[in-house]
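Here's the structure we're looking at; comments come further down.
Side chains included, hydrogens not; waters and symmetry mates left out as well; all remaining heavy atoms used.
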Amino acid sequence: NTSENGLQLHIPGLMEQGEAGRFAMRGRDGEKGFLVAGPWAHPKFRGQVELEGVNFMFPFDASAEPPDSLLTEILWNIDYDVRVVSRKDNRYVQKIPSALDNVYANLGIDDNVSALEFTGILADSSFRTQGHGESTRGNIEYLDLNFRVEKFGIDFDKNPSTSTSVPGFR
């Protein structure tokens, strides 16, 4: 486990260059601590991570870290069983290319209702995401128009044959 304040970290691809946030790691489901175990080829991470002050991107920026770096190798081969919850002051920030112009999103993540579960290994396509994220503040900019977010939600279903659900969009 980490202290209540957690660790100040920058995760390449998840966060813009130079950004950092606090990651508090705990046990989950009654377990005493956050588990990090071998083997080296596929280390196991099991526990809960509480985010504070994290500005994150999704989809991940694959160009943020050289593809042959040790960090990339480790992150892609971890066997995840991790629940991530928003504790305080987290934002989704992203520039999304579109046909006419970029879409810029800056959304405050609502605490206590936003939690995601990550399971599996990125490198072998067993990786799955399940859970719900919600925002009731922030803005989206497109074609020099600024849209204020009243409510935005996204639901991830662990089943790979179903699609991600974005309430309010079809």
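The structure places CZ of Arg91 at 8.0 Å from CD1 of Ile109, a figure rounded to the nearest 0.5 Å. In this structure, the separation between CG on Asn139 and CZ on Arg148 is 10.5 Å, given to the nearest 0.5 Å. Separation of atoms CG (Asp101) and CD1 (Ile96) is listed at 12.0 Å; rounding is to 0.5 Å. The CD atom of Glu50 lies 11.0 Å from the CG atom of Asp111; values are rounded to the nearest 0.5 Å.
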Exercise. Run the numbers on Asn5 and Ser3 for side chain to side chain donor-acceptor pair (under 3.5 Å), then give the verdict.
Key: CA-CA 5 Å; Asn5 288 336; Ser3 70; 5.0 Å; no

Practice problem: Report the C-alpha separation of Arg22 and Glu52 in whole Å, then their side-chain angles, then the decisive distance to 0.1 Å, and conclude whether the salt bridge (charged side-chain N to carboxylate O under 4.0 Å, His left out) test is met. | Solution: CA-CA 5 Å; Arg22 300 207 75 77; Glu52 185 172 324; over 6 Å; no

Quiz item: What's the verdict on salt bridge (charged side-chain N to carboxylate O under 4.0 Å, His left out) for Glu4 and Arg26, showing C-alpha distance, side-chain angles and the deciding distance?
Solution: CA-CA 9 Å; Glu4 184 65 26; Arg26 314 258 181 270; 3.2 Å; yes

Exercise. With side-chain contact (heavy atoms from CB on, under 4.5 Å) as the test, would you mind laying out the steps for Leu116 and Phe156 before giving the verdict?
Key: CA-CA 8 Å; Leu116 296 176; Phe156 291 93; 3.6 Å; yes

Self-check item: Stepwise side-chain contact (heavy atoms from CB on, under 4.5 Å) test for Asp157 and Asp155
Solution: CA-CA 7 Å; Asp157 182 341; Asp155 294 307; over 6 Å; no

Practice problem: May I have the step-by-step check of side chain to side chain donor-acceptor pair (under 3.5 Å) for Asp110 and Ser135, ending in yes or no? | Solution: CA-CA 5 Å; Asp110 292 353; Ser135 176; 4.9 Å; no

Exercise. Could you please spell out the steps behind the side-chain contact (heavy atoms from CB on, under 4.5 Å) verdict for Glu134 and Lys151?
Key: CA-CA 7 Å; Glu134 191 169 296; Lys151 186 169 185 175; 3.5 Å; yes

Self-check item: Steps toward side-chain contact (heavy atoms from CB on, under 4.5 Å) verdict (Glu150, Thr136)
Solution: CA-CA 5 Å; Glu150 290 185 10; Thr136 53; over 6 Å; no

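The two residues Asn90 and Arg137 come nearest to each other via the heavy atoms O-NH2, 4.5 Å. Closest non-hydrogen pair, His10 versus Met15, comes out as CE1-O, 3.5 Å. The heavy-atom pair separating Ser98 from Tyr142 by the smallest distance is OG-CE1, 3.1 Å. The two residues Asp29 and Arg46 make their nearest non-hydrogen contact at OD2-NH2, 3.2 Å. When every heavy atom of Pro97 is checked against every heavy atom of Asn102, the shortest pair comes out as CA-OD1, 3.3 Å. Of all non-hydrogen atoms in Gly6 and Thr2, the two that sit nearest each other are CA-OG1, 3.6 Å.
Tested against Met25, the residues Asn1, Val49, Val82 include a single side-chain contact (heavy atoms from CB on, under 4.5 Å) partner, Val49. With Glu117 as reference, Arg83 is the one residue of Gln130, Gln48, Arg83, Arg128 to meet the side chain to side chain donor-acceptor pair (under 3.5 Å) rule.
Contact of the Leu51 side chain with the Arg87 side chain is not registered, since no non-hydrogen atoms from C-beta on lie closer than 4.5 Å. The closest side-chain heavy-atom distance from Val149 to Ile140 is below 4.5 Å. Between Arg28 and Asp81, some side-chain heavy-atom pair lies under the 4.5 Å cut-off.
Heavy-atom contacts from other residues, nucleotides or ligands closer than 6.0 Å to NZ of Lys44 number more than 12. More than 12 heavy-atom neighbours from other residues, nucleotides or ligands sit within 6.0 angstrom of CG on Asn146.
Neither side chain, Asp79 nor His42, offers a donor N or O lying under 3.5 Å from an acceptor on the other.
Neither Val85 nor Phe118 shares a network with the other; the hydrophobic side chains, linked directly or stepwise wherever heavy atoms of I, L, V, M, F, W or Y lie under 4.5 Å apart, form separate groups for each. A continuous path of ILVMFWY side-chain contacts below 4.5 Å connects Leu75 to Leu9, so both sit in one hydrophobic cluster. One hydrophobic cluster, built from ILVMFWY side chains closer than 4.5 Å, cannot hold both Ile121 and Leu35; they sit in different ones. Transitive grouping of hydrophobic side chains (ILVMFWY, heavy atoms separated by less than 4.5 Å) keeps Ile11 and Val93 in distinct clusters. A continuous path of ILVMFWY side-chain contacts below 4.5 Å connects Leu122 to Val36, so both sit in one hydrophobic cluster.
The aromatic rings of Phe45 and Tyr80 sit perpendicular, their planes meeting at an angle over 60°, well past the 30° parallel limit.
Every residue meeting the side chain to side chain donor-acceptor pair (under 3.5 Å) condition with Asn77, not counting sequence neighbours, appears here in chain and number order: Glu73.
A ring-ring contact (aromatic ring centres under 6.0 Å, His included) check over residues 91-115, counting only residues at least two apart or in different chains, returns the pairs Phe56-Tyr92.
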